[in-house]
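Ligands are counted one by one from 1 in listed order, and the atoms in each one are counted from 1 as well. Everything numeric in this text was worked out from a predicted model, so none of it was measured.
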Amino acid sequence: MHIPLDHQDKTQPLYQQIAAFLRQRILSGSLAPGNRLPAARRLAADLGVNRITVESAYDELQADGLVTARQGSGTYVLAPPPLPPLPQADPGAPWPLWQQEVQGRAAPLKRPAPDELLRAAAHPQPLNFAGGVGDASLFPVDDLRRAIQTVLRRDGVAALEYGERRGYGPLRGTIAQVLASQGLALSRENILVTAGSQQALALVVQTLLKPGEAIVVENPTYAGALDLFRLYGLRIVGLPVDEDGMQVEKLEKLLQQHHPRLIYTIPNFHNPTGACLSLPRRRQLVALADRYNVPILEDDYVGDLRYDGRPLPALKALDSGGRVIYASTFSKVLLPGLRVGFLAAEGPVYDCLVESKRVHDLTTSNLYQRALEAYVTVGRYQAHLNRSCLAYRKRRDAMQAALAGRLPGRVSYLLPQGGLFLWLRIDGVAEAFSTDGLLPLACQHGVAFAPGSSFYPQGCDGSRYLRLNFTLYPPETIFEGIRRLGEAIRAGA
Ligand code: PMP
């Protein structure tokens, strides 16, 4: 029998090392009850130790009740003793101390869950306008199945190995080409494939900020980003948004006051307001970030979903010197469950982000990346995008028509040129009106929305706002949903 021994180990004498090795073998079942251990003299010779050392190890195992010595016959393995019973479940008992220490930490991250409220209301035909992605019934499931089959046939087991840490090379190449067509001068060496763009945001934050440091965001902004920044203990500094996006004119003062380490922005079809950052503001933002030496994280989550107007250059396209980190995703237009997003960066920060990605989850699913590459390369993605834009534009217009005069009070919103959301402000109803209060009532009426509070660093600022995803249902269903919303507001007023 070979037992690895460390003769230099001062903390564990040799007999204990031998006993520990055999104990582990007995408890794991590799030395079964009834097996005879080698004679002490033999094992001592095999291991190059004194016989007494082996005998001491056997004595220790005997004292533990794991072996028994039979006179003149040898030492035999016994059945391991039964495990001590688990403490009885006592519903009144406090949590173990370590659990008590983490108690309450999730509370600041908890938000109203419209889908749960809607389920609990058990309406026969619930309509949920709260979601953050496009219409799942349009997702190209058959195309993806075919792409996966093609990849498995073509690449075999290579598609199921870990794959490159920066992401599947050809997919990075395809992404770089698409970005180049939008004026972003990048190569595949600048792309890192991530588990959705959410992971891209997390990697950037972990790489660039420490708890207590400040981050500038639009106010309101994407709720999932706010949660991430809260989780990392960042100081969130909000800049108001109007129909031309973040009010960049107010940025310089905040940069001087708060010395932020990052500016996080959603310049296209901003979540939740739908606004696009105007070109002069884009230029000003990049210039200010440069002057104050602050990196920009550009979250372009639905830039492709444009229904009117002309695309504006990405912030990254206005930056020639590695000031902007660009993040995007295949989730919104395509398949959120694939969890494939990416970021584009250059310089030392790119290397840091690559290593951070590796440390966190090694790589993003190799099979899905290859399937996605196969799908995009044959032009299916572009075709799907065109179909989605046509459908979503109609739905946006349907929601606009449905809103006209159907809700009580004064309803104001910006008609977005793309994206997924209408961001409504409701005035002229009861003084105490809040969309958090309205949500459970709306769910009773069979309709859910995302309440404004989720999108503000100070939740209460959003009490008059709600976000509706206009892409999820055909026009007639949208009309029905808005009718129900009107009923709920009236019932609560
Ligand atoms: N950014 C924005 C603005 C979003 O709305 C979302 C998802 N709702 C994400 C990033 C993250 O999406 P994913 O991780 O699926 O790419």
Kindly say whether the aromatic ring centers of Phe229 and Tyr264 come within a distance under 6.0 Å.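 Centroid distance Phe229-Tyr264: below 6.0 Å, so yes.
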
Assign the ring pair Tyr473 / Phe129 to parallel, tilted or perpendicular, where the plane angle (0 to 90°) is split at 30° and 60°.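 Ring orientation of Tyr473 relative to Phe129: perpendicular.
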
Which label fits Tyr326 and Phe342: parallel for a plane angle under 30°, tilted from 30 to 60°, or perpendicular past 60°?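 Taking Phe342 first and then Tyr326, their aromatic rings sit tilted (interplane angle of 30° to 60°).
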
For atom CD of Gln125, decide whether the heavy atoms of other residues, nucleotides or ligands shown that lie under 6.0 angstrom number more than 12.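 Count not over threshold, so no.
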
Less than 4.0 Å between a side-chain N and a carboxylate O, is that true for Arg282 and Asp319?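 A salt bridge is absent here (no side-chain N lies under 4.0 Å from a carboxylate O).
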
Enumerate the protein residues lying less than 4.0 Å from ligand 1, judged by heavy-atom distances, in chain and residue-number order.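 Shell around ligand 1 (4.0 Å, heavy atoms): Gly196, Ser197, Gln198, Tyr222, Ile266, Asn271, Asp299, Tyr301, Thr329, Ser331, Lys332, Arg339.
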
From Arg165 CZ over to Thr363 OG1, what is the distance, rounded to the nearest 0.5 angstrom?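 Output value for this atom pair is 10.5 Å.
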
